[in-house]
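Read through the structure below, which is laid out as structure tokens, and then see the notes.
Just so you know, these numbers use all the heavy atoms, side chains as well, and skip hydrogens, waters and symmetry mates. Order of the sequence lines fixes the chain letters, A, B, ..., with proteins taken first and strands second; residue numbering starts at 1 for each chain.
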Amino acid sequence: MRDVLADLEWRGLVAQTTDREALAKDLASGPLTLYCGFDPTADSLHLGSLVPLFALRRFQLGGHRPIALAGGATGFIGDPTGRSTDRVMTDAETLAVRVGKLSDQMRRFLDVGDGPTDAILADNLDWTRELSVLSFLRDIGRHFPVNQMLARESVSARLESGGLSFTEFAYQLLQSMDYVELYRRHGCRLQVGGNDQWGNITAGLDLLRRVEQGSAHALTFPLVTDSSGSKIGKSTGGGNVWLDPDMTTPYALYQFLLNVDDRDAGTHLRLLTFVGQEEVEALDEATVQRPQERAAQRRLACELVALVHGPQEVGRVQAASAALFGGGDLAELDERTLAAALAEAPSVAVPGDVPPYVELLSSALGLSRSEARRAVKEGSAYLNGAKVTDDAAVPVESDWLHGRFLVLRRGKRSVAVAERPRP
RNA sequence: GGCGGGUUGCCCGAGUGGUCAAAGGGAGCAGACUGUAAAUCUGCCGGCUCAGCCUACGAAGGUUCGAACCCUUCACCCGCCA
């Protein structure tokens, strides 16, 4: 197996490390236990969360033991890093549900078990739930000089932009405690995370040294932004691209990746896939030589759909893309192909009476009626590939493809389907 | 506790009694051009039963023919003083 550290460096995944040589030595001398924390801020992981998660997997493939730590406790408090105001607090039940969902998702990418390189899924609520305030203050708090805490970037930034509550101020203590706890329980000696976590991670190292005289490592990933400056995995719609198929369909994931800017395709391949160096570099070259083929984007999109939703989804998603973007006449498609293609698109069921076009478009694509009407006015609304000019028009019998489907489209990319029971 | 400043649409931010659904920028959407790309240009960008109406400028009241703009109270934030 190739040297993990060298692979990470080639992929551009290493922003900062503590003593690199010592880390390399530890990695070379046998399975090292490492961890990365994931706070439950939503019901699903998103594309950006795959960077650290896949990094854990890379370590695992390299013969090490990863711990994916769900932040049941830290998520309860809210990390002030990179935020300008206090987080809205989430209640405990919601968090518990989220932790469960995130764990399920993480299980798909890591081999979890009891073996020496099997991953562990942990939740920091396990060692904080019963912790008393007094022991926290005595055993943990006394090791944290306030002057150092204040100096941390995440805190000082907040002090300048309006302050932060004690709750958030204490976040770094909780995270530090996690490191110590995982060191004690599992011999964890490396914490990885986004570069914005550097302060929190090194705080953990300090605590570890003080309470356990332990020596351990830190490694952070660069905070990757795409060429337009936004975080990786943010959809053009401004929102996140989620892994949960109910939140972002496999088709939408595929389309999002297929549309990645040429300049970002190589970076995405490195960070979000396990495609090897030789092939990635060949794809980089292909992008330069024949950009219109989008070989890198295609590979990226297929890879991730397979990783996230399973290999069987790839074909379906590709068929859907071909049908919906092929430029061919939708009416020409046979029922089975059409149904398969449309299965990936958002759909709306039409019961009895057929409502007018705006109504269908807005409900299927989640637009307000004003937006749907505007789309028609702007000439960007289509029914079965033909431009719609009258927003009040009601689809007629012959519009129903195979008697069942109406293909609704707004602009080039948003496709939805209205479906009614087979006649 | 005292004094002063602030709270505007997804974000930033102008507006300080009618011409305000609110300048400008960013983000986003669409059209043209392309490669389902980028850049560029153009249009859109609160909702609706859409030539009109409704809801909105921290919250609630008030003054006024008329309030984002004036007054009162409340909440939160910032600064200075104690």
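Between A:Gln255 and A:Lys387, the residue anchored nearer the 5' end of RNA chain B, judged by the nucleotide with its closest heavy atom, is A:Lys387. Each of A:Gly379 and A:Arg294 lies near RNA chain B, and the nucleotide nearest A:Gly379 is the one positioned closer to the 5' end.
Residues A:Glu281 and A:Trp10 have side chains that bring a donor and an acceptor to within less than 3.5 angstrom of each other. A:Thr74 and A:Asn124 share a side-chain donor-acceptor pair at under 3.5 Å. Under 3.5 Å, the side chains of A:Tyr171 and A:Asp39 contain a donor-acceptor pair of N or O atoms.
Across all strands, A:Arg410 comes closer than 4.0 Å only to sugar-phosphate atoms, never to a base (heavy-atom distances). If you check every strand for non-hydrogen atoms under 4.0 Å, A:Glu293 touches nothing.
Between B:G58 and B:C65, the distance separating the two C1' atoms is 28 Å to the nearest Å. Nucleotides B:C69 and B:C78 are separated by 22 Å at their C1' atoms, to the nearest Å. If you take atom P in B:C74 and the same atom in B:G9, they sit 24 Å apart, rounded to whole Å. Distance check on atom C1': B:C50 versus B:A21 gives 14 Å, rounded to whole Å. For the C1' atom pair drawn from B:C57 and B:U40, the interatomic distance equals 35 Å after rounding to whole Å. Taking atom C1' in both B:G17 and B:G13, the straight-line distance is 22 Å, to the nearest Å. Of the P atoms belonging to B:A22 and B:C77, the separation is 33 Å, rounded to the nearest Å. Here the separation of B:A37 from B:A32, taken at their P atoms, is 11 Å to the nearest Å.
Distance, A:Arg374 CZ to B:A21 C1': 12 Å, rounded to whole Å. For A:Asp261 and B:G35, the CG to P distance is 16 Å, given to the nearest whole Å. Here the C1' atom of nucleotide B:U36 and the CG atom of A:Leu324 are 11 Å apart, to the nearest Å. As a whole-Å value, the separation of A:Gln292 CD from B:U36 P is 10 Å. Between A:Gln318 atom CD and B:U36 atom P there is a gap of 16 Å when expressed in whole angstrom units. Regarding A:Gln297, its CD atom lies at a distance of 19 Å from the P atom of B:U34, rounded to whole Å. For the pair A:Arg413 CZ and B:U34 C1', the interatomic distance rounds to 12 Å; values are reported in whole Å. For A:Leu257 and B:G35, the CG to P distance is 22 Å, given to the nearest whole Å.
For B:U16, there is no paired base (Watson-Crick or G-U wobble, both distances below 3.5 Å). Under the Watson-Crick and G-U wobble criteria, each requiring two contacts below 3.5 Å, nucleotide B:A32 is paired to B:U40. In a base pair of the Watson-Crick type (N1 to N3 plus N6-O4 or O6-N4) or a G-U wobble (N1-O2 and O6-N3), with each distance short of 3.5 Å, B:C57 is matched with no nucleotide. Across all strands shown, B:C76 forms a Watson-Crick or G-U wobble pair with B:G6, both key distances being under 3.5 Å.
In terms of phosphate contacts, A:Ser368 brings a side-chain nitrogen or oxygen within less than 4.0 Å of OP1 or OP2 of B:G47.
Taking every side-chain heavy atom of A:Arg369 into account, B:C48 is the closest of B:C48, B:A30, B:A37. The side chain of A:Arg373 lies closest to B:C50 when the candidates are B:A38, B:C50, B:A32.
Note that CD of A:Gln191 and OG of A:Ser176 are 8.5 Å apart. Values are rounded to the nearest 0.5 Å.
With salt bridges taken as basic N to acidic carboxylate O contacts below 4.0 Å, one links A:Arg107 and A:Asp104. Comment: A:Glu303 does not engage A:Arg270 in a salt bridge, judged by the lack of any side-chain N to carboxylate O separation of less than 4.0 angstrom.
Remark: A:Arg409 is positioned above the aromatic ring of A:Tyr382, its terminal NZ or CZ atom under 6.0 angstrom from the ring centre and at most 45 degrees off the axis.
Counting atom types as modelled, A:Glu378 pairs no side-chain N or O with a base atom of B:G31 as donor and acceptor under 3.5 Å. Under 3.5 Å, the side chain of A:Ser370 and the base of B:C50 form at least one donor-acceptor pair of N or O atoms.
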